[in-house]
2 protein chains.
Amino acid sequence: MRNNNADLRVIRTKESIRHALVELINEKGFEAITVKDITTMAKINRGTFYAHYQDKFDLMAKCEEEIMLDMSRITKQNFPSVIAALETDSKTLTPLSLTVTLFEYLNINSEFMKAVLGPKGDLSFQTRLKEFMWETLYGNNPNAFIKEENFLVPGQYLASYMGTAIIGVIQQWLESGRKESPQEMARILTTITVNGPYFAAGLKK
Amino acid sequence: MRNNNADLRVIRTKESIRHALVELINEKGFEAITVKDITTMAKINRGTFYAHYQDKFDLMAKCEEEIMLDMSRITKQNFPSVIAALETDSKTLTPLSLTVTLFEYLNINSEFMKAVLGPKGDLSFQTRLKEFMWETLYGNNPNAFIKEENFLVPGQYLASYMGTAIIGVIQQWLESGRKESPQEMARILTTITVNGPYFAAGLKK
DNA sequence: ATAAGTAATGAACAACCTGTTGTTTATTAC
DNA sequence: GTAATAAACAACAGGTTGTTCATTACTTAT
């Protein structure tokens, strides 16, 4: 039986297609990209593109899917349960070591992440990543973080607030050139979340 | 000299174009919309569309620009300075009354806002709105909220965190059917921001 | 009320992009 | 070495785009 995925031509073709996609998103935004743009930049025949993907949406979906699966796999591999992650961090409420791991992955795939999370990127991917980050970092917290009604505000708004805020910090990190290490970013994110933005700014004791 | 903008035909045409745009974004996402779709739904000739807008991107940009100008105008009208807004609220750190005003505007234009901030919306608009909200609500705070280096974390990450978090709360409100009043939403947003998410959830004293 | 000015219409146009088809070429497994 | 398999290709029909032009319908200023 043949192993299709091992064919060097396939690997080369797919790599140049995906590289061209990232380039073009940064250049003109996913919106304005045509299949012709991609194949021209990837230096392949347009027919070849359709042999691998249905259209540009299919290409995008498969790239995003791969990223999400990777993150899921890495998370489960390193931290089979959130409880274990929390114990690693000696009694903080947020799994710091897990956050470091995720930032390390973002760092490796920064080219793609920067493209799809940037202003010309894909809003639906942002939504999916937001939900993933929320669930991974806080959603399964054994302290049952979000209840229907929380202490001061409805739980759904707390979840949206924190989920979106994480994405914002990631975007800022990617756009400003990833000057901080993944470790430092995890510390920053955890600090703001645990203490609240006003305290972190020094405006509140 | 004639005033072209007053021509009832122009007003009617533009209104039906913009209404069709909102409908279509909710239906299939901005991405997939063709100019033909818009003109068919708006029941106008395709040539008429090109008499008013260069293409669908130009249409979108002009709609967004109008919203941003509106919000800017309303803000300046009601609160010429952030200091005045803060004084209205008897010594909180966040301008609650200003937040209410902004949520009231979002409420009136909820159809459009829901479309462009939803999963099928426009990421670049989200970025612009984020920056506007940040600057309006916190950026000009006389307490000089964000410095180059803050107490615990770099200021740029605090700004991104809070700016994006606001957008997240707004998105959640629009998507879940705007059950809360603008007043209630302003209270929720202010509460989380001032106290921090962990406190608001009841996990921290 | 009317005339002048302006917007909207329908039709036609070339240019472009799309997705598919049938064919050729290169690689791999036996 | 040969047969199976899949990538690469050129050519095609169908649809969208942005423009133009003559004609019709509507609005406004006088």
Side-chain angles (χ1 to χ4, degrees), chain A residues 1-66 115 120 122 124, chain B residues 1-66 115 120 122 124:
Chain A
M1 185 187 175
R2 301 171 70 109
N3 185 355
N4 302 332
N5 298 331
D7 195 321
L8 290 180
R9 293 168 303 176
V10 178
I11 295 170
R12 247 186 291 120
T13 303
K14 287 197 173 181
E15 241 172 37
S16 42
I17 288 178
R18 295 187 179 206
H19 185 257
L21 177 67
V22 171
E23 288 285 306
L24 286 165
I25 290 176
N26 282 324
E27 184 181 317
K28 53 159 87 174
F30 181 70
E31 189 83 48
I33 296 175
T34 65
V35 174
K36 197 169 189 282
D37 289 334
I38 297 170
T39 56
T40 301
M41 179 164 279
K43 295 188 186 68
I44 58 162
N45 186 274
R46 212 160 53 82
T48 307
F49 177 92
Y50 289 107
H52 293 284
Y53 306 101
Q54 280 187 3
D55 47 34
K56 68 168 181 168
F57 300 98
D58 184 46
L59 166 64
M60 194 67 177
K62 280 183 173 141
C63 288
E64 291 178 351
E65 195 56 34
E66 205 169 277
K120 292 170 185 164
D122 179 7
S124 79
Chain B
M1 186 187 176
R2 302 175 68 108
N3 185 354
N4 302 332
N5 296 330
D7 195 321
L8 290 179
R9 290 169 299 181
V10 178
I11 295 170
R12 249 186 287 120
T13 301
K14 286 197 172 180
E15 242 172 33
S16 41
I17 287 178
R18 293 186 180 208
H19 186 257
L21 176 68
V22 171
E23 288 286 305
L24 286 165
I25 290 175
N26 281 323
E27 185 182 313
K28 54 160 84 175
F30 181 70
E31 189 83 48
I33 297 176
T34 66
V35 173
K36 197 168 189 286
D37 289 335
I38 297 171
T39 56
T40 302
M41 179 164 279
K43 294 188 185 68
I44 58 162
N45 187 273
R46 210 160 53 81
T48 308
F49 177 91
Y50 287 107
H52 292 285
Y53 305 102
Q54 280 187 2
D55 48 33
K56 68 169 182 167
F57 300 99
D58 183 45
L59 166 64
M60 194 65 178
K62 280 182 175 142
C63 288
E64 291 178 351
E65 196 55 35
E66 204 169 277
K120 292 171 186 164
D122 178 8
S124 79

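If you're wondering where the values come from, they're calculated on a predicted model, not measured in any experiment.
The side chain to side chain contact (heavy atoms under 4.5 Å, CB included) search around Glu23(B) returns His19(B), Met41(B), not counting sequence neighbours. Residues satisfying the side chain to side chain donor-acceptor pair (under 3.5 Å) test with Glu31(B), not counting sequence neighbours, are Lys56(A). Remark: Asp58(B) pairs with Lys62(B) by the side chain to side chain donor-acceptor pair (under 3.5 Å) rule, at least two apart or across chains. In terms of the side chain to side chain donor-acceptor pair (under 3.5 Å) criterion, Thr13(B) has no residue partners (sequence neighbours excluded). In this structure, the side chain to side chain contact (heavy atoms under 4.5 Å, CB included) partners of Glu65(A), at least two apart in sequence or on a different chain, are Leu69(A), Arg128(A). Glu66(A) is linked by a salt bridge (Lys or Arg N to Asp or Glu O under 4.0 Å) to Arg18(A), counting only residues two or more places apart in sequence or in another chain.
If you take CD1 on Ile17(A) and CG on Leu21(A), they are separated by 9.5 Å, rounding to the nearest 0.5 Å.
The overall bend of the helix from dA1(C)-dT30(D) to dC30(C)-dG1(D), read as the angle between its terminal helix axes built from five base pairs each, is 30° when rounded to 10 degrees.
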- Note on the structure: With B for base contact, S for sugar-phosphate-only contact and - for none (protein heavy atoms under 4.0 Å), nucleotides 10-17 of chain D reads S-----SB
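Residue pairs meeting the side chain to side chain donor-acceptor pair (under 3.5 Å) criterion with at least one partner in residues 39-51 of chain B, sequence neighbours excluded, are absent.
Phosphate proximity of dA8(C) to Thr48(B): absent, as no side-chain N or O sits under 4.0 Å from OP1 or OP2. OP1 or OP2 of dA8(C) lies within a sub-4.0 Å distance of a side-chain N or O belonging to His52(B).
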